[in-house]
Each structure stands twice: as C-alpha cells, then as structure tokens.
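Read the numbers this way: they start at 1 and go in the same order the structure lists the ligands and their atoms. What you see is a predicted model, and the numbers here were worked out from it, not measured in a lab.
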Amino acid sequence: MTTSYDLIVIGSGPGGYVAAIRAAQLGMKVACVEKDPTLGGTCLNVGCIPSKALLTSSEKYVEALHSLATHGVTVGTVGLNLPTMMAHKTKVVKDNTAGIEYLFKKNKIDWIKGKGTIAAVGQVNVGSDTYATKNILIATGSESTPLPGISVDEKFIVTSTGALTLSSVPKTMVVIGGGVIGLELGSVWQRLGAQVTVIEYLDRILPTMDGELSKSAQKILGKQGLQFKLSTKVTSAKVEGNGVALALEAAAGGSNEKMQADIVLLAIGRRPYTEGLGLENVGVKLDDRKRIAIDHHFQTNIPGIYAIGDVIAGAMLAHKAEEEGVVAVEMMAGQSGHINYDAIPGVVYTWPEIASVGKTEEELKKAGIAYKVGKFPFSANGRARAMADTEGFAKILADAKTDRVLGAHIIGPDAGTMIAELALAIEFSASSEDITRTSHAHPTLNEVVKEAALAVDGRPIHI
Ligand SMILES: Cc1cc2nc3c(=O)[nH]c(=O)nc-3n(C[C@H](O)[C@H](O)[C@H](O)COP(=O)(O)OP(=O)(O)OC[C@H]3O[C@@H](n4cnc5c(N)ncnc54)[C@H](O)[C@@H]3O)c2cc1C
C-alpha cells in the first residue's frame with residue numbers, strides 16, 4: 001500500500017471533483033483518480049463547456065449575419081474563421097480544467113493519474129500502485145450510446161465529441177436523435193452554414209420535456225433552418241467516399257428512404273461508463289439499465305462504496321451530479337442530506353433557450369393531479385421587444401387546490417437563467433401567488449415569469 005485516504009473518488013467530472021472538494025472541506029483526506037489527461041470529466045472537456053462555447057460563438061455569427069441590422073448596427077461582410085472559433089473553445093476548456101487543478105491544490109486533494117480499479121473493499125489500484133481508503137466514491141460518468149450496426153469513426157460518423165472538433169463546416173449533416181445534445185450541436189453547425197436534418201425515432205423532439213415546449217421548439221428551430229424527420233429510424237449509416245450513406249425507415253415499419261450526408265452525428269443518448277472499474281471484484285450490483293444501484297445514502301450494496309452522477313439513475317446533468325456529490329460526502333461525514341429531484345432544472349442551450357423544472361403537464365395528467373396553467377408570451381414583454389427577441393413563452397403549472405408550483409417551462413431568450421427563479425420556488429414550496437407578490441425588476445425578461453404566475457390566477461396585467 002502506498003498511501004491511505006479517507007475517501008478516494010474515481011472520476012473527476014462535475015460529480016467527482018465537487019464531491020472531492022466538499023469532502024476536503026469536511027476534513028477528509030481525499031484523492032481523486034482520473035484516467036484522462038485533464039480534470040473535469042465529460043462536462044468540462046467534451047460536454048457542457050465546449051458545446052456552450054461553440055453555441056455562444058455561433059450565436060454571435062448568426063447575430064452579425066441576420067439580426068444586428070435590426071438594431072441599426074451595420075457591419076461589412078460577415079466572415080467565419082472556424083479555426084479561431086475552435087481555438088476560443090479550446091482555451092475555454094483549458095482554463096476551466098486548469099481551474100479544477102488549482103482547486104485540488106488549494107484543497108490539498110491528491111490527483112492520482114490513471115485508470116482506477118476497485119481491487120477490494122477499501123482498495124483502489126491505479127497502474128501498479130495500490131491505495132487504501134475508508135470509502136470509495138464512483139463518479140465515472142457516461143459515454144455516448146452506440147447504435148447497433150453504425151460504426152463511429154469520429155470523422156464522418158461522429159459522437160458529440162467529434163462534432164465539437166470538425167475542421168470545416170459540412171454542407172450536409174444528419175443528426176440521429178432529437179434530444180438535447182443533437183439539437184444543441186445540430187444548431188451550432190446549422191448556424192455556421194450546414195444543412196442539418198434531425199432524425200428522431202419518436203413522434204416528437206425533446207421527448208422528456210413538456211409537450212407544448214417541444215412543439216414550440218420544433219417550430220422555432222424549424223424556422224431557423226433545422227429540418228426534422230420524426231417517427232423515423234436510421235437502419236444503417238455507412239461511410240462511402242467522402243460522406244455517409246444512410247438508410248431510413250418509418251418507426252412503425254413500412255416506408256424506406258435513402259439519404260446522403262457529409263457528416264452524421266450520433267446523439268441517441270448516453271449510457272453509464274463502468275469499463276475496467278472492477279465492480280465484479282467486489283460484487284457491486286447494477287440495476288436493470290446497467291446503472292450502479294444505490295440506496296438513499298448513495299451507497300451501493302457494498303458498504304463503503306458509493307456512486308453518484310451519470311453512472312447512477314436519473315437525469316444526466318452536470319448540476320445533478322454535483323448535488324449528489326455534495327450530499328453523498330456530507331452523509332459519509334455523518335451529516336444529513338437530501339436532494340429534491342423535482343427542483344433540478346434542465347436546459348437546452350439552443351436559441352431561444354428551452355428550460356424546465358418540476359413536473360410536465362403530461363406527468364401531472366398521468367398522476368391524476370389537478371393543476372392550473374398560467375402562460376405568458378415574450379412578445380408582450382418590454383425587454384424582449386427591446387432585444388428584438390420575442391419568440392417563446394413561460395408556463396407555470398400550479399396545484400389546483402393549494403396553488404403550489406409543481407412545474408415551470410420556458411422557451412425564450414435566456415430561459416436557462418430565468419428558470420433558476422422557478423427552481424427556487426419549487427425548492428421553497430412556493431405558490432404561484434408567492435411569485436406574483438415578489439417584485440420583479442422592470443424591464444427584465446423575468447417579468448414574463450411574474451406574468452405567467454399572475455396568469456395562473458387569470459389576471460396577467462400586460463396581455
Ligand atoms: C456534448 C455534451 C453537452 C452537455 N451539456 C450539458 C449541459 O449543458 N448541462 C448539463 O448539466 N449537462 C450537460 N452534459 C451532461 C454532463 O456532461 C454530464 O451529466 C456530467 O458530465 C456528468 O458528470 P459525472 O461527474 O457523473 O461524469 P463525467 O463528467 O462523465 O466524468 C467522469 C470522469 O470519470 C473518468 N473515469 C471513468 N472511469 C474511470 C476510471 N476507472 N478511473 C479513472 N477515471 C475514470 C472519466 O475519464 C471522466 O473524466 C453534456 C454532455 C455532453 C456529452
């Protein structure tokens with residue numbers, strides 16, 4: 001044994017690194033094992049951060065092309081320097097991952113470089129080194145889900161990782177999967193000039209979000225130029241010459257179609273990653289979907305071995321992994337902890353942004369819960385008009401009897417930032433009346449939230 005720890009975290013994504021820092025704050029001697037050359041996991045290296053860098057940069061490009069003129073700002077010929085855009089993204093990633101390295105040093109967390117394998121309870125092996133530890137926290141995240149029969153080469157048929165590093169703008173791109181990642185990265189390349197077709201097996205995009213939001217998103221993104229083929233499955237995709245030949249079929253069977261694309265982005269979801277972790281050495285159990293099974297303390301069936309983040313059940317979101325990391329180590333330290341999963345927002349960073357928290361209308365109907373709906377459009381908001389960004393609406397769902405906010409759904413400019421107010425409302429068990437009685441600065445986009453809350457009671461002011 002080389003060194004012994006109170007806690008070894010395996011994986012340095014937002015779940016793992018945040019848990020490591022919180023554990024160090026609580027006085028534990030902590031190490032974090034990471035197999036990749038930089039800290040930060042999927043989120044910082046090939047997920048949230050680089051995708052948002054490209055989304056922001058491509059938004060600016062489209063703004064210069066199409067919307068600055070509305071504000072009386074005239075520019076000369078608008079050009080695209082893709083290498084500079086990519087270099088900006090790379091720098092943002094580098095700064096963020098270096099930031100975690102700094103935080104590890106500050107909190108005296110040892111970064112063990114290499115792949116961690118659980119050799120026994122209380123023992124993690126990395127290469128030829130063995131480390132003893134009182135507790136192990138698995139935070140090994142997820143990987144892109146493959147589609148049988150389609151081989152990813154990260155050149156012509158890419159996952160999100162390849163789609164973040166294309167060296168030129170493809171003429172045509174097919175995105176397999178109308179979920180968050182497909183729509184975000186599809187938007188990036190569509191804005192930069194590609195003709196993008198999103199193929200979705202189900203009859204709607206963003207299938208887990210509120211139906212009205214999905215419908216509106218499809219309409220708005222469609223107007224921007226994204227094309228959609230719903231209820232359609234891709235039966236094969238093969239690299240041929242400098243492109244990909246695809247075969248499609250109606251999801252229900254029947255009609256067939258062929259398509260050609262320069263680039264295919266496979267974005268049908270992500271699956272837990274546990275390869276080489278050594279779960280079989282100690283008998284850690286998985287659930288029916290190959291996620292690590294845990295109890296209410298994030299402990300696996302093996303005492304002293306815990307798991308959080310994408311590798312367990314629940315939404316695959318960075319902030320969900322962070323919350324779990326914090327609560328898991330606080331409970332290890334003897335504190336009590338709790339996560340209200342209904343108060344965890346989900347955001348799609350297209351433009352307009354799409355954001356949700358709590359229950360959807362479909363979920364409430366299925367559960368037989370009586371609810372009231374309040375809706376307000378951005379087109380009636382002064383600030384949105386000033387921004388010339390008036391598409392979308394906010395919708396609040398409140399319990400019909402108690403008025404408690406049960407869910408909130410926004411599509412519109414900065415929806416991802418605006419949803420925080422409603423996550424807080426749900427966390428504090430607020431009523432829609434509580435929101436109406438809270439002063440909202442004027443003129444702000446958040447007044448749309450206040451008006452939607454007033455609309456729950458049938459009394460919006462500005463419509
Ligand atoms: C393109 C894209 C965009 C996304 N955008 C967003 C977004 O905007 N907002 C959001 O909330 N979420 C987003 N996500 C999802 C988000 O990235 C994940 O939910 C989050 O990273 C999960 O965190 P985690 O700590 O569980 O695992 P990860 O971030 O996946 O980190 C796991 C780490 O464990 C390491 N590891 C695995 N096995 C071992 C081992 N045996 N030994 C050592 N190290 C190991 C891996 O190398 C990795 O670094 C996005 C994902 C993608 C792919």
Side-chain angles (χ1 to χ4, degrees), residues 8-20 31-56 89 93 96-97 100 111-119 124-127 131 136-145 158-165 175 177 179-188 265-279 281 291-292 298 307-326 328 344-350 353-355 416 419:
I8 291 184
V9 181
I10 306 180
S12 72
Y17 85 72
V18 168
C32 181
V33 190
E34 175 53 58
K35 66 175 175 53
D36 285 349
T38 48
L39 298 172
T42 304
C43 175
L44 271 64
N45 290 282
V46 289
C48 326
I49 296 301
S51 60
K52 265 80 259 178
L54 289 184
L55 278 157
T56 306
K89 175 210 68 178
V93 168
N96 276 274
T97 56
I100 309 302
W111 171 11
I112 303 173
K113 297 180 184 178
K115 189 155 191 168
T117 301
I118 303 172
V124 175
N125 290 352
V126 183
Y131 300 89
I136 295 169
L137 179 64
I138 300 169
T140 50
S142 60
E143 62 179 356
S144 180
T145 306
V158 298
T159 64
S160 54
T161 302
L164 290 166
T165 53
V175 177
V180 182
I181 292 176
L183 294 185
E184 288 186 357
L185 292 174
S187 285
V188 165
L265 163 59
L266 182 61
I268 57 165
R270 294 181 63 81
R271 63 181 187 185
Y273 179 81
T274 55
E275 198 187 294
L277 189 55
L279 296 181
N281 295 337
R291 303 170 296 199
I292 294 181
F298 297 97
I308 54 156
D310 279 11
V311 81
I312 67 166
M316 289 189 169
L317 292 169
H319 44 288
K320 176 253 191 196
E322 289 183 27
E323 297 302 330
E324 290 176 342
V326 167
I344 294 187
V347 179
V348 189
Y349 295 86
T350 48
E353 291 180 346
I354 308 158
I419 203 73

Report the residues that fulfil salt bridge (charged side-chain N to carboxylate O under 4.0 Å, His left out) with K115, sequence neighbours left out, ordered by chain and then residue number. none

Listed pairs under 3.5 Å, donor-acceptor, residues 37-44 side chains, sequence neighbours left out:
unit_1	atom_1	unit_2	atom_2	d
T38	OG1	N45	OD1	2.6

Is the closest side-chain heavy-atom distance between E353 and I419 below 4.5 Å? no

Would you please write out the protein residues whose heavy atoms approach any atom of ligand 1 to under 4.0 angstrom, listed by chain and number? I10, G11, S12, G13, P14, G15, G16, V33, E34, K35, D36, G41, T42, C43, V46, G47, C48, S51, K52, G114, K115, G116, A139, T140, G141, S142, S160, I181, R270, Y273, L277, G309, D310, M316, L317, A318, H319, A321, Y349

My understanding is that only one of V326, V18, L137 makes a side chain to side chain contact (heavy atoms under 4.5 Å, CB included) with I308; could you say which? L137

Ignoring hydrogens and angles, tell me if any N or O in the side chain of T140 forms a donor-acceptor pair with the backbone of Y273 under 3.5 Å. yes

Check side-chain hydrogen bond (donor to acceptor under 3.5 Å, both in side chains) between T274 and all other residues, then give those that pass, not counting sequence neighbours. none

